[in-house]
Amino acid sequence: MQNEVIMPQREMNCSEWERRFILFIFQGWISLSFCEDWSFTFPESITVFTGSSVTIPCTFTSPKGYSDVHIIWYTYNVFSYIQVFNSKDPSAVLPKYRGRTFLVGNDTNSCSLRIDGVIENKYFYPGINDNINSLKLQRKKVFVIISDWIFVFPKFIQALNGSCVEIPCSFTYKKHNDDSNLIWFGYHLTHYPQIFNKRNPTFVESDYKGHTSLVGNRPNSCSLRIDNVQHNEQYFPGISSYLNSYTLNNQKIIRVKVTDSVFIPLIKGADYMQEGKTVSIFCTVLHTCSSSPPSLEWNKAGHPISVRHEDISGGYWTVQSEIRYSPSYQDHNTSLECTATFQNGKQLHQNTILHIRPSCQYTLIFGVTGATCFAMFLLNICLCWR
């Protein structure tokens, strides 16, 4: 009998190391997906006075159905996770922070933290454990800066080319000194030229001499007016080259962008009108120079006009002109124009075409029959009803 050769069958089941590898990959994918559902939102930096309290506003999102959240706050350390607050285990908190840190806010997704008696510059970040936190998932942390000087001003403002701009600014100082100088600097990569110096105007860069001045009567005002703005620039205020918003307030500067587009007047209220029925039409223009606002002028004379000014914050104001216009059919299909004249003499225009329905009296004057007038009267009623 001839011997049969039996070929060995290949094992179809996974080996032990293959099963472990697949399980490791699957667990890692589940873990990564779980972590990606977490996010934390809070500012990059906060400036406070030495020894005062600070509240770090913070919110978080968590995976769907995850409700048992215990917030932990850490102070940044390269080698370890140092807790400054733990809602579940206060004993894990660094001793010098015990009794000085508290969660604030009633929202279910709030992780806002209050720290009392802040005395040093520190980075902090929130999370729920050493693996799920803003530093590990988002590379985010907040820098709490200690300073006796705090400058408040917007980060960005637009200015009309060739006109003036006023940068709203205020400062607070823990130990106020009325003799302090006030300086504004231009920000460049290699140097910071002075564009305004209250005490020593001779130090001001030549391009800005005679073009910068302080505005505002409050004792803590550092608001600056710049005339004849022509280029996009960046600035920051201070009292010296080492005491200023850039060095003390986490490199805080303002960017001024020169443009024309946002300062064109807007006309509202000039819709379809009935002859003889007075309407209010408004012309509004945005500007950035409250001490020299633009003027507004209409091309239709003989109508009452009133003007109002409004501060809309952030370095922007508006001027609004209201014309009480009494429509005449003679103005039908003519242009109503509003012209804004700015501090530098520059003019920007806006116009609209008037659509005016005639009255019966007007049509009779021009020989229209009574029947036609009555029909037009009914048409007007229909239009009003619609």
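Since we're looking at a predicted model, the values are computed, not measured.
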**Q.** Flag for Asp116-Ser53: side-chain donor and acceptor within less than 3.5 Å
**A.** yes

Q. So, Ser39 versus Thr61: side-chain donor-acceptor pair below 3.5 Å or not?
A. yes

Q. Ignoring hydrogens and geometry, is there a side-chain-to-backbone donor-acceptor pair from Asn121 to Ile146 under 3.5 Å?
A. yes

**Q.** Atom pair OG/CD1 of Ser328 and Ile356 - distance to nearest 0.5 Å
**A.** 6.5 Å

**Q.** Residues Glu44 and Lys140 bridged, charged N to O under 4.0 Å
**A.** no

Q. What residues, two or more places apart in sequence or in another chain, satisfy side chain to side chain donor-acceptor pair (under 3.5 Å) together with Thr334?
A. Lys300

Q: Verify whether one side chain among Thr212 and Arg225 offers a donor that lies under 3.5 Å from an acceptor in the other.
A: no

Q: Report yes if the distance between the aromatic ring centroids of Trp38 and Tyr66 is under 6.0 Å, otherwise no.
A: yes

Q. Applying ring pair (Phe, Tyr, Trp, His ring centres under 6.0 Å), which residue pairs with at least one partner in residues 88-120 are found, sequence neighbours left out?
A. none

Q. Partners of Asp89 by side chain to side chain donor-acceptor pair (under 3.5 Å), sequence neighbours excluded?
A. Ser91

**Q.** Spacing of NE2 belonging to His332 relative to NE2 belonging to His355, to within rounding of 0.5 Å
**A.** 7.5 Å

Q.
Students often mix this up, so state it plainly: with edges at 30° and 60°, are the rings of Phe143 and Tyr123 parallel, tilted or perpendicular?
A. parallel

Q | Aromatic centroids of Tyr208 and Phe196 separated by under 6.0 Å | A | no

Q: Would you kindly say whether Glu166 and Ser290 are connected by a side-chain donor-acceptor distance under 3.5 Å?
A: yes

Q.
One thing to verify: whether Asp130 and Lys136 come together as a salt bridge, which I'm taking to mean a side-chain N less than 4.0 angstrom from a carboxylate O.
A. no

Q) Between Ser321 and Ile305, is any pair of side-chain heavy atoms under 4.5 Å apart? A) yes

**Q.** Lys252 side chain vs Phe151 backbone, donor-acceptor pair below 3.5 Å
**A.** yes

Q: Establish, from distance only, whether the side-chain atoms of Asn244 and Tyr192 form a donor-acceptor pair under 3.5 Å.
A: no

Q: Would you check if the distance from the ring center of Phe171 to the ring center of Trp149 is below 6.0 Å?
A: yes

Q: Classify the angle between the aromatic ring planes of Phe60 and Phe40 as parallel (below 30°), tilted (30 to 60°) or perpendicular (above 60°).
A: tilted

(Q) Under 4.0 Å between a side-chain nitrogen and a carboxylate oxygen: does that hold for Lys96 and Glu120? (A) yes

Q: Mind running side-chain contact (heavy atoms from CB on, under 4.5 Å) on Ile128 and Ile72 for me, showing each step along the way?
A: CA-CA 5 Å; Ile128 62 167; Ile72 301 174; 5.8 Å; no

